[in-house]
Every structure is written in structure tokens, then in C-alpha cells.
Amino acid sequence: MLNKLMGRKKSEQVDKEKSLDFSSENIPKHIAIIMDGNGRWAKKRGLPRVAGHREGMNVIREIVSTSNEIGVEVLTLYAFSTENWKRPKTEVDFLMRLPERFLNVELPKLIEENVVVRITGERENLPEYTKRAVNKAVEATKENNGLILNFALNYGSRSEIIDGIKSLYKEIEAGEMDINEISESVLSDHLMTANLNDPDLLIRTSGEIRLSNFMLWQLAYSEFWFTDVLWPDFSREHFIEAVRVYQNRQRRYGGV
Ligand code: V0D
């Protein structure tokens, strides 16, 4: 079955719109995105890096609404890694204001669109204003039951796994668990993503072909899609293209 988002028949579609032609079967339930290339986008235009971050923030709206529209269940966006603290202080300060800026405009719409906002990462060490903004969004959307918009914020996968092991150890030490009970699913349940399915599809923009300490455990069986497009230039069409590639891969494997 084919969805025609532009309301055209396949034969009528011009090249640009081909990317909107996708199947409503086999939609990836969980899509994770490494939103890379914001600084490079700005540099190319002779703008400060933060201008790229601001532009990148604006792309999120379109990807959230498209995800909602095609029936994605979880959208995880890598917003800030534990390594990103090493960036210049002015840039970090700017980035830490973005959740507030994003949510001031978007939170009413997210509530309206039945989106659930979640955070994966260490919230403790964030500035107060960042914590306040994200906590408010999580609280205000917790009764919704639509798309889960999961921001990976101050997140690093190796330290997440270490923390998971520590919490397992504590349960064993307290006699609540036996070492022989440890399994893949038990460790999964001790990670920050405990009640989310693993991503079906990972998208990384901006041409880097690496994971950069992002969801190492959770991405074990995921499909990967990389594009040279910089995040601020990433559009609904690129997103649908990634979904289509995912669906074609699923179809091929399913046929064997
Ligand atoms: C910069 C491109 C939205 C990637 C997107 C603090 C890097 C724009 C948020 C956001 C960032 C986070 C949590 C939340 C609501 C919005 C965001 C950061 C960076 C790092 F609940 N965009 N965004 N957070 N960028």
C-alpha cells in the first residue's frame, strides 16, 4: 500500500516528490537521529556556529510532525553528548538555552499533538534553567500517549552502560537478584532507555560514519542510514527517503 502524502499518483510525481512516496507498512517504530553538521552549516555561510544550532533547532519541528504523521512511535534526537562540554563556554551556554527556546514556542503544539517529551541522559549537571525547561515539558506531556519525543541530553552510552552495571550490582548485593539472572533484557532494563524499544533506524547527518558513543547497546540490530546533508538542511523529504531505504532493506531481508 502506498501513501501519497502530496495527494498525487505515482505517475504524476515529479522527481522531487518521489521522496514522499513511501509505504505505510513497516514504518520504523523507533528512529534515532544524530543531528550533526550545524557548526559546519554556519561556517559555510560565514556565520557563528551558534547560528547553525539555532537553524538546526528549527528543523526539529518538521521532523517531529512528519514522524507523527507517518506513525513513528519513538523519535530519539541526540541533542547534547557528554563530550560536548569540551566546546567553548559561549557555545555550551548557547546550547543550554535551546531547550527553553524550543519549548517556549513548541510546548503548546507538542501538547496539542499528543506528543510525550522524554529525556535520556544525566539531568543533574545541567544548568537550572535547562532543567526547569525540560522538566516542565516532561511533566506537561506525561499524560499524552502519542509520539514519544526523546531528547538525548548530556548523554553518553558507555557511562550509561557502566551505571546500568552498577545498579545491577547493587541489586545483587542487596540479595534482590542472582548473578545468573543477568541477561540481555535485564541489562536493557537497567539502562536509561529502559522502557523504550531499541531503535529500528539510526540516521546520522553531515557525512560522519560513526556512532560517537550514542546508544551503543541499543543500536546492536538497527539499520543505519548516513547522509552528507547537514542537519540544518535536513528536510521532511530526506527523512522520508531514509524511511523508504529502511523499508526496502526490510523487504529484501524478509524475502529471503
Ligand atoms: C543543537 C541541532 C532542541 C543539534 C538541534 C541542550 C544541536 C538544536 C533541544 C531540546 C539543540 C532539548 C530538550 C528539550 C527540548 C528541546 C536542544 C540542545 C541542542 C542541547 F526538552 N534543540 N536542541 N537541546 N540543538
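Numbering of residues begins at 1 and proceeds along the displayed sequence. Every number for a ligand or one of its atoms is a count from 1 in the order of the listing.
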Q) So is Ile119 close enough to ligand 1, meaning a heavy atom under 4.0 angstrom away? A)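 In this structure, Ile119 qualifies as a contact of ligand 1 - some heavy atom is under 4.0 Å.
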So which bit of [X] gets within less than 4.0 Å of ligand 1, heavy atoms only: side chain, backbone, both or neither?
X	value
Ala137	neither
Val138	neither
Asn38	side chain

Using a strict 4.0 Å cut-off to heavy atoms of [X], name the atoms of ligand 1 that fall inside it.
X	value
Leu98	1 (C), 8 (C), 11 (C), 19 (C), 25 (N)
His53	1 (C), 8 (C)
Leu95	1 (C), 6 (C), 20 (C)
Leu153	6 (C), 20 (C)
Met57	5 (C), 8 (C), 22 (N)
Leu103	15 (C), 21 (F)
Phe80	20 (C)
Phe102	15 (C), 16 (C)

Q: Could you tell me whether the side chain of Ile172 reaches within less than 4.5 Å of the side chain of Asp178, counting heavy atoms only?
A: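 With C-beta onward as the side chain, the pair stays apart.
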Q: Test Leu211 against Phe224 for side-chain contact (heavy atoms from CB on, under 4.5 Å), laying out the working first.
A: CA-CA 10 Å; Leu211 285 181; Phe224 290 2; 4.0 Å; yes
Q.
Quick test of your reading of the structure: of Phe151, Trp231, Phe94, whose heavy atom lies closest to atom 14 (C) of ligand 1?
A.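 It is Phe151 whose heavy atom sits nearest to atom 14 (C) of ligand 1.
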**Q.** Gly37, Ala79, Ala152: member with heavy atom nearest to atom 17 (C) of ligand 1
**A.**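 Closest candidate by heavy-atom distance is Ala79.
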Assess the side chains of [X] and [Y]: does a donor N or O sit below 3.5 Å from an acceptor N or O?
X	Y	result
Tyr155	Glu122	no
Ser212	Arg204	yes
Gln218	His30	no

Q. Is Asn150 reaching over with its side chain to a backbone N or O of Leu75, donor-acceptor style, under 3.5 angstrom?
A.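 Pair absent, no side-chain N/O of Asn150 close to backbone of Leu75.
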Q. Relative to each other, are the rings of Phe214 and Tyr78 parallel, tilted or perpendicular (30° and 60° limits)?
A.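 It falls in the parallel class, under 30°.
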Q.
Please give me the minimum heavy-atom distance between Gln250 and Asn26, naming the atom from each residue.
A.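 Of all heavy-atom pairs spanning Gln250 and Asn26, the closest is CB-ND2, 3.8 Å.
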Q) Is the CD1 atom of Ile209 crowded by more than 12 outside heavy atoms at less than 6.0 Å? A)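 Yes, because the 6.0 Å sphere around CD1 of Ile209 holds more than 12 heavy atoms from other groups.
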Q.
Are there over 12 heavy-atom neighbours, none belonging to Arg158, within less than 6.0 Å of that residue's CZ?
A.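 Incorrect, the count does not exceed 12.
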Q) Which residue owns the protein heavy atom closest to atom 22 (N) of ligand 1, what's the atom, and how far is it? A)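 Heavy-atom neighbour on the protein nearest atom 22 (N) of ligand 1: Ile60 CD1, 3.4 Å.
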